[in-house]
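The structure under discussion appears below in the form of structure tokens.
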Amino acid sequence: MKITAKYLILASAFVIGSCEQKYQSPDDYLANYNRDDFSIQIEANKSLGLGQYEMKGESGQELPIKLKISSPSALTDLKITKTKNLTIDNSFGNSGSMSIPVSGNTFSYDLTYTAISSDVDELIGLTFEAVNAAGQKEVSDLTLKITLSPRDNLPRRSWNLVSILHLNEGNAEVIKDCEKDNALLFNADGTLSYLYGSDTGAGDCMFDGFNIYDSWSLSEDGKTFRINYHGLFDPAPKTDVYKVIALTTEEIKLELEVDLTVLGLGVERFLYTYSAGVR
């Protein structure tokens with residue numbers, strides 16, 4: 001049989017039409033729908049596959065996970081299992097899983113999951129398996145996509161001083177040339193190291209090292225940053241309290257008020273900007 005252009009067009013249309021019919025979007029998978037009306041629904045973003053969901057979060061964040069289970073007969077058990085990279089995570093619950101007492105044909109359960117730093121950039125899964133009195137089982141899976149929080153990122157980077165703005169003076173840039181190679185190291189144990197770079201101990205930076213930096217802390221609400229230090233010749237503890245203007249994994253902006261009234265001046269405000277570098 002001679003194949004004409006007309007037949008080729010019709011065949012192509014059939015193939016394309018068939019592919020389009022097979023495609024299903026996440027909206028097609030709201031929950032586990034089947035004939036016995038046994039389903040586990042999770043308040044999270046839907047993903048492809050029956051009973052598949054996903055949720056995003058940051059390390060240290062408490063993630064509220066809400067379940068709604070419907071069953072044609074009384075529920076008898078709910079098991080939650082955590083996996084990391086498709087392997088049971090024994091640090092969760094009792095050797096990787098936990099059982100929740102359930103009852104009735106419908107059951108709601110709220111789980112608060114705290115994302116930990118070891119979850120970051122790993123394939124984290126929570127599997128919810130419900131069983132009813134008829135011996136039937138239903139499963140839904142939640143994939144967690146955990147990224148590093150700015151707080152947990154602090155000890156992992158070197159923070160390079162790139163700007164000091166004098167806010168009272170029209171945001172004038174007042175960073176000194178010898179300060180442009182300065183950096184802070186926020187250690188995980190709460191201690192602090194100040195790096196003055198190679199341009200130090202002379203000129204505008206001749207007094208570098210006269211302050212000994214002891215520790216740092218970030219308030220729970222992420223709005224206040226404290227740096228504790230003492231003088232090289234004065235052991236009395238001192239604290240600078242900064243207002244956090246911006247805190248990301250790549251940049252820190254801290255505002256400091258300096259009371260200079262004893263010098264006949266006012267309360268001066270400075271904005272320090274640090275850029276993340278390789279530690």
Side-chain angles (χ1 to χ4, degrees), residues 58-60 117-118 120-121 147-279:
E58 294 181 344
S59 57
S117 58
S118 59
V120 172
D121 296 331
T147 57
L148 191 65
S149 70
R151 179 188 295 270
D152 289 341
N153 181 63
L154 284 170
R156 301 190 180 199
R157 307 294 291 273
S158 170
W159 296 96
N160 306 315
L161 180 62
V162 295
S163 173
I164 304 175
L165 298 182
H166 193 171
L167 302 182
N168 305 69
E169 298 295 332
N171 296 337
E173 181 61 74
V174 294
I175 189 172
K176 302 167 185 175
D177 286 341
C178 58
E179 293 176 316
K180 293 180 180 179
D181 61 354
N182 291 6
L184 288 171
L185 298 181
F186 301 111
N187 301 316
D189 62 359
T191 59
L192 172 67
S193 300
Y194 200 108
L195 308 180
Y196 292 102
S198 59
D199 191 356
T200 183
D204 289 334
C205 292
M206 66 181 301
F207 297 112
D208 283 356
F210 276 45
N211 286 333
I212 308 301
Y213 292 89
D214 301 311
S215 61
W216 67 277
S217 63
L218 176 64
S219 63
E220 286 298 321
D221 60 10
K223 296 180 179 180
T224 304
F225 205 104
R226 295 177 181 269
I227 292 181
N228 303 307
Y229 62 97
H230 65 275
L232 181 62
F233 304 107
D234 179 8
K238 301 176 180 63
T239 301
D240 283 341
V241 180
Y242 297 82
K243 178 182 178 182
V244 178
I245 303 302
L247 175 59
T248 70
T249 56
E250 296 298 328
E251 185 180 67
I252 307 173
K253 289 181 178 290
L254 302 175
E255 181 181 325
L256 177 66
E257 289 189 353
V258 181
D259 189 348
L260 299 177
T261 54
V262 294
L263 301 177
L265 303 174
V267 177
E268 303 299 312
R269 294 166 47 237
F270 298 88
L271 180 64
Y272 293 79
T273 300
Y274 298 86
S275 177
V278 178
R279 181 157 180 163

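Computed from a predicted structure; not experimentally measured.
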Evaluate Asp177 against Asp204 for side chain to side chain contact (heavy atoms under 4.5 Å, CB included), listing each step before the verdict.
CA-CA 8 Å; Asp177 286 341; Asp204 289 334; over 6 Å; no
Yes or no on side chain to side chain contact (heavy atoms under 4.5 Å, CB included) for Leu154 and Leu247, after CA distance, side-chain angles and deciding distance?
CA-CA 9 Å; Leu154 284 170; Leu247 175 59; 4.1 Å; yes
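Atoms CD1 and CD1, on Ile252 and Ile245 in that order, are 13.0 Å from each other to the nearest 0.5 Å. Once rounded to the nearest 0.5 Å, the distance linking OG of Ser59 with CG of Leu148 reads 4.5 Å. How far OG1 of Thr147 is from CG of Asp121: 7.5 Å, rounded to the nearest 0.5 Å. To the nearest 0.5 Å, atom CD1 of residue Ile212 and atom CG of residue Asn228 are 14.0 Å apart. Rounded to the nearest 0.5 Å, atoms CG (Asn182) and OG1 (Thr200) are 7.0 Å apart. To the nearest 0.5 Å, atom CG of residue Leu185 and atom CG of residue Leu192 are 8.0 Å apart.
Side-chain atoms of Leu218 and Val244, non-hydrogen and from C-beta on, do get closer than 4.5 Å to each other. Side chains of Ser158 and Asn160 form a contact here, defined as non-hydrogen atoms less than 4.5 Å apart. Within the 4.5 Å cutoff, the side chain of Leu161 has no heavy atoms near those of the Leu184 side chain. Inter-residue side-chain proximity for Ser198 and Asp181 is flagged as met; some heavy-atom pair is nearer than 4.5 Å.
Heavy-atom minimum distance, Leu167 versus Leu271: CD2-CB, 4.0 Å. Annotation for Val241 and Leu256: closest pair O-CD1, 3.6 Å, computed over non-hydrogen atoms. Nearest heavy atoms, Arg151 versus Gly222: NH2-N, 4.0 Å. Closest heavy-atom contact between Ser117 and Arg156: CB-NH2, 4.1 Å. Minimum heavy-atom separation, Pro150 to Glu58: CD-OE1, 3.8 Å. Contact detail for Gly201 and Asp208: the closest heavy-atom pair is N-OD2, 4.1 Å.
Phe225 and Phe186 have their aromatic ring centers within a separation under 6.0 angstrom.
Applying the 6.0 Å contact sphere to CD of Glu173 captures more than 12 heavy atoms from other residues, nucleotides or ligands. Few gaps surround CZ on Phe210; more than 12 heavy atoms of other groups in view lie less than 6.0 Å from it. For Lys238, the NZ atom is densely surrounded, since the number of other residues' heavy atoms within 6.0 Å is greater than 12.
A side-chain contact (heavy atoms from CB on, under 4.5 Å) with Thr261 is found for one member of Asp259, Leu263, Leu265 and no other, namely Asp259.
Remark: the backbone N or O of Thr248 is not paired with any side-chain donor or acceptor of Glu251 at under 3.5 angstrom. Remark: side-chain polar atoms of Trp216 are not paired, donor with acceptor, to backbone N or O of Arg226 under 3.5 angstrom. Side-chain N or O atoms of Asn168 include one that pairs as donor or acceptor with a backbone N or O of Val267 at under 3.5 Å. Under the 3.5 Å distance criterion, the side-chain polar atoms of Arg157 are matched with a main-chain donor or acceptor of Gly277. Not a single donor-acceptor pair under 3.5 Å links the side chain of Asn187 to the backbone N or O of Asp189.
Taking the six-membered ring where tryptophan is involved, the planes of Tyr274 and Tyr272 are essentially parallel, since the angle between them stays under 30° and well short of 60°.
Under the ring pair (Phe, Tyr, Trp, His ring centres under 6.0 Å) criterion, Tyr229 pairs with Tyr213, sequence neighbours left out.
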